[in-house]
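Below: the structure, in structure tokens.
Counting from 1, the numbers follow the sequence of the chain as shown.
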Amino acid sequence: MAMAIIIQLLGITSALAIVAVCQFPIPRRYDGFAFGSYGGVQEPILVEAFFDPLCPDSKDSWPAIKQVAEEYGSEVKFIVHPFALPYHHQSFLSVRALHIANHLNASLTYPLLDLIFEHQEEFSNANTGDKTASTVIDEFSSLFASQFGSGNEAKSIFKQGFYDSSTDQAGRISFKYGCSRGVTGTPVFFVNGVPLSNVDASWGIDEWANILDPLLATGPGMNAFG
């Protein structure tokens, strides 16, 4: 009897494992019908990434995403959603830093993400465990000014953003939005609104091509409805 129960449980576990790794079909375009006229222009494939700026796996996956964006150009639209994981203790401040940069000059958002990834270890739990929030804010502000400003003025302007409640609210909304999409870790990717179940930080251009190329393919024998 006990053996039968164990076998049954193993069967259930195996079935759950199969479901967990099964990839839900990805539509050729974001599902739904756009209201209004867009001049017949076909919308690009939408790739969404949920990144924690202080997550090593997010950092590792970022170069491939930039390479894909460069290679596919206007055929693929990328959106990075910042998602602060609570066990990276300074992540919420790093997300606020991105919102501040985006507010000051949207063209600096991704260069700042690059810079935070480059200096990620400096903001790790081990290296900030005995630092106050004010100290970490000062370090983020100095990091920004070192690349995108000149002297104390740029640092002061950026630092003021951390004392603006709107950036705190923006960071909270980013986190809550990720939760609403079922995000519990990073990186997490969606293509045309569908979560990718088997992607990891080791993916390169070839693995992404296996996902994107079939969605872009046209011609005889191709299913136009996806």
Side-chain angles (χ1 to χ4, degrees), residues 30 45-70 76-125 127-128 131 133 136-149 157-196 199-201 203 208:
Y30 201 97
I45 294 171
L46 176 61
V47 176
E48 298 171 274
F50 286 82
F51 278 172
D52 179 343
L54 299 187
C55 167
D57 288 338
S58 294
K59 175 183 176 180
D60 289 344
S61 66
W62 182 228
I65 291 297
K66 292 196 294 182
Q67 185 181 0
V68 171
E70 181 177 347
V76 178
K77 178 181 179 181
F78 284 90
I79 297 176
V80 171
H81 301 284
F83 187 77
L85 295 170
Y87 39 85
H88 297 141
H89 297 167
Q90 310 304 335
S91 286
F92 188 68
L93 290 179
S94 73
V95 166
R96 290 185 67 186
L98 293 178
H99 281 293
I100 294 167
N102 188 260
H103 175 75
L104 293 175
N105 185 340
S107 68
L108 297 180
T109 308
Y110 286 111
L112 180 59
L113 180 60
D114 281 326
L115 192 62
I116 294 175
F117 279 151
E118 182 182 342
H119 293 263
Q120 190 180 78
E121 184 62 25
E122 297 171 24
F123 297 98
S124 67
N125 293 350
N127 287 328
T128 61
K131 295 180 179 179
V136 177
I137 286 172
D138 189 75
E139 291 178 354
F140 274 121
S141 303
S142 295
L143 183 64
F144 175 86
S146 69
Q147 295 293 321
F148 311 119
I157 292 173
F158 189 81
K159 191 172 183 178
Q160 287 174 13
F162 285 102
Y163 300 98
D164 183 338
S165 61
S166 66
T167 70
D168 179 82
Q169 181 70 3
R172 293 174 186 234
I173 290 173
S174 289
F175 178 77
K176 291 177 181 179
Y177 178 68
C179 292
S180 76
R181 298 285 298 273
V183 175
T184 59
T186 58
V188 171
F189 299 95
F190 291 75
V191 176
N192 288 340
V194 176
L196 297 184
V199 66
D200 61 45
W203 270 31
W208 278 105

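No side-chain heavy atom of Gln90 sits under 4.5 Å from any side-chain heavy atom of Lys131. Side-chain contact between Phe162 and Val136: absent, with no pair of heavy atoms (C-beta onward) separated by less than 4.5 Å. Counting heavy atoms from C-beta on, the side chains of Pro53 and Val95 come closer than 4.5 Å. In this structure, Leu98 and Val80 have side chains that are not in contact, with every pair of non-hydrogen atoms separated by 4.5 Å or more. Taking the side chain as every heavy atom from C-beta outward, Ser141 and Ile137 approach each other to under 4.5 Å.
Annotation: salt bridge (Lys or Arg N to Asp or Glu O under 4.0 Å) contacts of Asp114 (sequence neighbours excluded): Lys66. Listed by chain and residue number, Pro44, Leu46, Ile79 satisfy the side-chain contact (heavy atoms from CB on, under 4.5 Å) test with Lys77 (two or more places apart in sequence, or in another chain). Residues forming a side chain to side chain donor-acceptor pair (under 3.5 Å) with Asn105 (at least two apart in sequence, or on another chain): Ser107. Residues that satisfy the side chain to side chain donor-acceptor pair (under 3.5 Å) test with Asn102, not counting sequence neighbours, are Thr109. Applying the ring pair (Phe, Tyr, Trp, His ring centres under 6.0 Å) rule to Phe140 yields the partners Phe123; only residues at least two apart in sequence or on another chain are considered. Under the salt bridge (Lys or Arg N to Asp or Glu O under 4.0 Å) criterion, Lys59 pairs with no residue at all, not counting sequence neighbours. Here Thr167 pairs with Arg96 under the side chain to side chain donor-acceptor pair (under 3.5 Å) rule; sequence neighbours left out. For Ser146, the side-chain contact (heavy atoms from CB on, under 4.5 Å) test picks out Leu143, with sequence neighbours left out. Residues satisfying the side chain to side chain donor-acceptor pair (under 3.5 Å) criterion with Arg181, sequence neighbours excluded, are Glu48, Tyr177.
Here ring pair (Phe, Tyr, Trp, His ring centres under 6.0 Å) pairs that include residues 87-111, with residues two or more places apart or in two chains, are Trp62-Tyr110. Pairs of residues two or more places apart, or lying in two chains, never qualify as salt bridge (charged side-chain N to carboxylate O under 4.0 Å, His left out) while including a residue from residues 83-93.
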Would you mind writing out the side-chain donor-acceptor pairs for residues 182-190 within the sub-3.5 Å range, not counting sequence neighbours?
unit_1 : atom_1 : unit_2 : atom_2 : d
Thr186 : OG1    : Ser58  : OG     : 3.3

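Checked against the 6.0 Å centroid criterion, the rings of Phe175 and Phe83 qualify as a close aromatic pair.
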